[in-house]
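Note on naming: letters A, B, ... go to the chains in the order of the sequence lines (proteins, then strands), and numbering restarts at 1 for each one. For clarity, every value in this text was computed on a predicted model and none was experimentally measured.
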There are 2 protein chains.
Amino acid sequence: MPTLTDPVALLRDAGLRVTRPRLAVIDALGRQPHADVDSIADAARVELGTVSTQAIYDVLKAFATAGLVRRIEPAGSPARFELRVGDNHHHVVCRSCGAIADVDCAHGSAPCLTASNDHGFSIDEAEVTYWGICPDCAATPAHESSILIREEPHA
Amino acid sequence: MPTLTDPVALLRDAGLRVTRPRLAVIDALGRQPHADVDSIADAARVELGTVSTQAIYDVLKAFATAGLVRRIEPAGSPARFELRVGDNHHHVVCRSCGAIADVDCAHGSAPCLTASNDHGFSIDEAEVTYWGICPDCAATPAHESSILIREEPHA
DNA sequence: ATCCTATTCTTGAATGATTCCAGAAAAGGT
DNA sequence: ACCTTTTCTGGAATCATTCAAGAATAGGAT
């Protein structure tokens, strides 16, 4: 049976046409949250045989515009996408391998939006990115799979 | 202008050689916080006549590694750099023009590092990005059609 | 069900930010 | 000053993303 929400209904409700690439992207995101474009394209190709990378970009852009997906761009990583949307959650990013996990807002929604001094900006979102090392990388003795190197002064 | 710390001493203390491009970059960052590489290069060229863009990249990388500057990468913008370092402050970014302003951590340093569920990650930094519209853009009469244009961030 | 038109997908090339490379120049300790 | 190490230059490469123009397709209307 359909996953969480019926993908077809999801698309129709958003006023988007139902196409195989789009369904494949939804499916890919369902099983791989925080995937980047390449991963999504790979997953889609398993399902569809072939899809152009541009089709994936187009689909993701359409989804993002329609509010179906959220695009996140941790420094040093290509853009990632996720289906969880509109629930004010945040992310932990591994400095070593780039892995991402969800973090619910610990303080509720309001405090997250409170800046000490907004400099006159009208703020509509507070995005929190936690940086650290994921369990896998912490457990790995050698650093063989360190693709992502990001120097940052330790706070 | 009497800079907070003597630039030459700043470099020496960091174990870095004192070169004209480096001093120019420090100067540029001093008067234009959150500048991107292009802006820094432009400012440096005013001072030095000519400098290669790569020299600027190298200088910034050396500074970042030495902990002299912090590199920030708001989604959709090229990397920005700032001299303020090690004081756990955050940023407001204008969705319209990309302007960036500093925001001191309202909760002190500890709560900022607290994630509701760290998924086993060992977290060493919490980076908060507030998104909104800067006063200038808010004041600008209806510019709905204006696409995101790369503009000089107003200091 | 078939046709029509807007929308989407394909291929291929362009762009922008950043990095890599090898040689030339310069900094600074001895 | 000399010499070694480090930095700077100019050019090309790389990666993610976007643009462009034609071909294919979805889905409402006939």
Side-chain angles (χ1 to χ4, degrees), chain A residues 7-26 34-42 44-45 47-66 68-69 71-81 98 147-151, chain B residues 7-26 34-42 44-45 47-66 68-69 71-81 98 147-151:
Chain A
V8 175
L10 201 65
L11 288 173
R12 291 246 154 81
D13 287 354
L16 294 174
R17 291 193 178 172
V18 179
T19 67
R20 284 165 55 61
R22 287 179 170 182
L23 291 173
V25 167
I26 292 180
H34 315 122
D36 61 16
V37 175
D38 265 358
S39 306
I40 296 171
D42 287 348
R45 287 192 183 104
E47 260 186 74
L48 306 176
T50 65
V51 215
S52 67
T53 305
Q54 285 64 30
I56 305 297
Y57 272 101
D58 288 351
V59 166
L60 288 169
K61 177 178 284 184
F63 283 8
T65 303
L68 277 185
V69 304
R71 178 193 181 119
I72 56 181
E73 294 181 51
S77 287
R80 312 294 192 99
F81 297 85
I147 311 159
L148 188 112
I149 301 130
R150 187 185 135 92
E151 277 304 299
Chain B
V8 175
L10 201 65
L11 289 173
R12 289 247 155 81
D13 287 354
L16 294 175
R17 291 193 180 173
V18 178
T19 67
R20 282 165 57 60
R22 288 179 168 180
L23 290 174
V25 167
I26 292 180
H34 315 124
D36 61 16
V37 175
D38 265 0
S39 305
I40 296 171
D42 287 348
R45 287 188 184 106
E47 259 185 73
L48 305 176
T50 65
V51 214
S52 67
T53 304
Q54 285 64 30
I56 306 297
Y57 272 100
D58 287 351
V59 166
L60 289 169
K61 177 178 284 183
F63 283 8
T65 302
L68 277 187
V69 303
R71 178 191 181 122
I72 56 180
E73 294 181 50
S77 288
R80 311 294 192 99
F81 297 84
I147 316 167
L148 203 136
I149 308 159
R150 284 212 24 208
E151 253 175 89

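With a 4.5 Å cut-off on side-chain heavy atoms, A/Arg17 and A/Arg22 count as touching. The side-chain heavy atoms of A/Phe63 and A/Arg71, taken from C-beta on, include no pair separated by under 4.5 Å. Annotation: side chain of B/Val51 is not in contact with side chain of B/Val25 (no heavy-atom distance under 4.5 Å).
Relative to the side chain of A/Ser52, the nucleotides C/dT18, C/dC20, C/dC9 differ in distance, and C/dC9 lies closest. Closest to the side chain of A/Val37, from the set D/dC19, D/dT7, D/dT17, is D/dT17.
Counting to the nearest Å, the P atom of C/dA26 and the CG atom of B/Leu48 are 13 Å from each other. Rounded to whole Å, atom C1' of D/dT17 lies 16 Å from atom CZ of A/Arg80. Between the CG atom of B/Asp58 and the P atom of C/dA25 there is a distance of 18 Å, given to the nearest Å. Taking atom OH on A/Tyr57 and atom P on C/dA13, their separation rounds to 18 Å, with Å as the unit. Between B/Leu16 atom CG and D/dT5 atom P the separation is 18 Å, expressed in whole Å. For the pair B/Ile56 CD1 and C/dT19 P, the computed distance is 14 Å after rounding to whole Å. Atom P of nucleotide D/dT7 and atom CZ of B/Arg20 are separated by 17 Å, given to the nearest angstrom. Distance CD (B/Glu73) to C1' (D/dA16): 13 Å, rounded to an integer number of Å.
Considering only side-chain N and O atoms, A/Arg17 lies nowhere under 4.0 angstrom from the phosphate OP1 or OP2 of C/dA6. In terms of phosphate contacts, A/Arg71 brings a side-chain nitrogen or oxygen within less than 4.0 Å of OP1 or OP2 of D/dT17. The phosphate of D/dC8 (OP1 or OP2) has a side-chain N or O of B/Thr19 nearer than 4.0 angstrom.
Annotation for B/Val69 and B/Leu60: closest pair CG2-O, 4.0 Å, computed over non-hydrogen atoms.
Interatomic distance, B/Leu48 CG to B/Thr19 OG1, rounded to the nearest 0.5 Å: 9.0 Å.
Comparing B/Thr53 and A/Thr50 along DNA chain C, the residue whose closest nucleotide (by nearest heavy atom) sits nearer the 5' end is A/Thr50.
Residue B/Ala79 is classed as a sugar-phosphate contact, given heavy-atom separations below 4.0 Å to backbone atoms only.
Checked by distance alone, B/Gln54 brings no side-chain donor or acceptor within 3.5 Å of a matching partner on the base of C/dT18.
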